[in-house]
Amino acid sequence: MSLAQVQNFAISLDGFGTGEGLSRDRPFGHADESLHEWMFETRWWRERTGRQGGTGGIDDALVRQHDTGIGAEIMGAGKYGFPGWQDDPDWKGWWGSSPPFHTPVFVLTHHTRPPIEMEGGTTFHFIDASPAEALAMAREAAKGQGVRIGGGATVVRDFFAAGLVDHAHVAVVPILLGRGVRLWDGLEALEQSYEIEAVSSPSRVTHLRFTRRGL
């Protein structure tokens with residue numbers, strides 16, 4: 001069975017995976033890009049955006065795993081679009097005509113619509129389903145490859161709470177956001193279900209890697 005994975009999910013020191021006040025102009029609310037600046041400085045990101053240079057080490061090694069062995073993605077409505085995107089029939093996500101997923105993507109929403117096929121192999125499917133139901137659909141579409149639980153924080157938290165995450169990489173960024181959507185709320189004693197490794201990088205980010213016990 002394909003494994004469910006969380007990759008490169010960044011949170012603040014106080015546990016927020018996004019800020020407050022999300023909008024079309026501010027996809028991460030008041031956090032803006034502060035949770036992801038470490039990623040934008042890696043060689044992997046610069047290569048993807050047609051630039052040279054960038055940082056190596058553990059930051060680069062982990063983000064390079066983004067596309068390896070992934071056959072489908074699950075994301076929440078808040079990752080797919082700004083609040084109210086459901087009322088815009090022309091909205092096709094933040095990523096332009098060729099999104100970076102290249103797989104079937106299952107968007108969890110109470111406002112379903114027909115699938116949207118994009119360039120590069122990405123097809124967005126809009127489903128109203130529980131985490132377990134969504135994972136079953138994504139696993140079928142992944143054809144033996146892994147399923148990425150792409151976020152946002154509420155979706156990752158719900159999949160952790162349902163016991164459906166097999167591997168997770170969470171990057172703790174040394175900033176305090178103070179408000180927004182927190183990842184760990186309601187997940188007391190989660191550590192009992194996982195082997196956890198922690199590695200610090202020169203960027204001052206701490207990388208936490210979770211592996212479900214028994215795998």
Side-chain angles (χ1 to χ4, degrees), residues 2-19 26-75 79 94-96 98-103 105 120 122 142 145-153 155-157 159-160 165-178 180-184 187 190-191 193-213 215:
S2 61
L3 300 179
Q5 307 173 46
V6 176
Q7 295 179 317
N8 307 324
F9 192 81
I11 63 172
S12 63
L13 287 174
D14 46 351
F16 291 98
T18 191
R26 304 185 80 179
F28 296 99
H30 81 288
D32 292 321
E33 301 293 353
S34 59
L35 288 171
H36 309 102
E37 289 172 353
W38 65 274
M39 186 187 304
F40 299 151
E41 293 302 318
T42 62
R43 291 175 186 166
W44 174 82
W45 184 270
R46 286 176 174 258
E47 289 169 3
R48 289 171 68 97
T49 54
R51 296 177 293 164
Q52 296 181 342
T55 59
I58 187 66
D59 291 350
D60 189 61
L62 286 172
V63 297
R64 283 184 184 277
Q65 298 177 17
H66 182 266
D67 298 321
T68 303
I70 297 297
E73 172 148 347
I74 299 170
M75 68 173 63
K79 178 174 178 178
W94 301 104
W95 305 280
S98 182
F101 309 107
H102 313 298
T103 67
V105 176
T122 299
Q145 297 193 84
V147 174
R148 180 166 48 231
I149 311 302
V155 168
V156 174
R157 185 174 65 233
F159 275 79
F160 265 126
V165 176
D166 297 307
H167 293 285
H169 163 221
V170 176
V172 182
V173 181
I175 60 172
L176 294 171
L177 290 179
V181 182
R182 204 190 306 264
L183 175 61
W184 302 124
L187 297 179
L190 180 72
E191 70 280 0
S193 301
Y194 290 88
E195 300 286 351
I196 303 174
E197 299 175 281
V199 180
S200 296
S201 77
S203 65
R204 301 183 299 134
V205 169
T206 298
H207 297 284
L208 302 178
R209 301 185 71 180
F210 297 75
T211 301
R212 188 163 55 82
R213 295 184 189 274
L215 284 180

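Computed from a prediction, not measured in an experiment: that's the story for all the values here. We use all heavy atoms of the structure for the numbers below, so side chains are in, but hydrogens, waters and symmetry mates are not.
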Listed once per pair and sorted, the side-chain hydrogen bond (donor to acceptor under 3.5 Å, both in side chains) pairs that draw on residues 56-68, sequence neighbours left out: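 Output for this query lists E47-R64, R48-D67, D59-S201, D59-S203, D59-H207, D60-R64.
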
Which distance, rounded to the nearest 0.5 Å, do you find between the [atom1] of [X] and the [atom2] of [Y]?
X    : Y   : atom1 : atom2 : answer
L176 : L13 : CG    : CG    : 5.5 Å
T211 : L3  : OG1   : CG    : 10.0 Å
T18  : K79 : OG1   : NZ    : 11.5 Å
T206 : I11 : OG1   : CD1   : 10.0 Å
M39  : L62 : CE    : CG    : 10.0 Å
H36  : N8  : NE2   : CG    : 9.5 Å

Qualifying salt bridge (charged side-chain N to carboxylate O under 4.0 Å, His left out) pairs, either residue in residues 195-208, two or more places apart: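 Salt bridge (charged side-chain N to carboxylate O under 4.0 Å, His left out) check on residues 195-208 returns E195-R213.
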
Other residues, nucleotides, ligands: >12 heavy atoms within 6.0 Å of Q52 CD: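 Counting other residues, nucleotides and ligands, CD of Q52 stays at 12 neighbours or fewer.
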
Return the minimal non-hydrogen interatomic distance between [X] and [Y], and the atom names on each side.
X    : Y    : value
L35  : G17  : CD1-O, 3.5 Å
S12  : V172 : O-CG1, 4.1 Å
H167 : L215 : NE2-CD1, 3.9 Å
V173 : S34  : CG1-O, 3.9 Å
A142 : V147 : CB-CG2, 4.1 Å
I175 : D14  : O-OD1, 4.0 Å

Whether F40 and W45 hold their rings parallel, tilted or perpendicular, with breakpoints at 30° and 60°: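 It falls in the tilted class, 30° to 60°.
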
Aromatic ring pairing W184/F160, orientation class (parallel under 30°, perpendicular over 60°, tilted between):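 Tilted: the ring planes of W184 and F160 meet at 30° to 60°.
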
Face-on cation placement of R212 at Y194 ring, 6.0 Å and 45° thresholds: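 Checked: cation-pi criterion not met.
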
Steps toward side-chain contact (heavy atoms from CB on, under 4.5 Å) verdict (V155, M75): CA-CA 7 Å; V155 168; M75 68 173 63; over 6 Å; no

Candidate pair V6 and F159, rule side-chain contact (heavy atoms from CB on, under 4.5 Å), full reasoning: CA-CA 10 Å; V6 176; F159 275 79; over 6 Å; no

Do any N or O atoms from the side chain of [X] and from the backbone of [Y] form a donor-acceptor pair under 3.5 angstrom?
X    : Y    : result
D166 : A4   : yes
H169 : Q5   : no
H102 : G120 : yes

Stepwise side-chain contact (heavy atoms from CB on, under 4.5 Å) test for Q145 and T103: CA-CA 11 Å; Q145 297 193 84; T103 67; over 6 Å; no

Pair T122-W95, side-chain contact (heavy atoms from CB on, under 4.5 Å): steps then yes or no: CA-CA 11 Å; T122 299; W95 305 280; over 6 Å; no

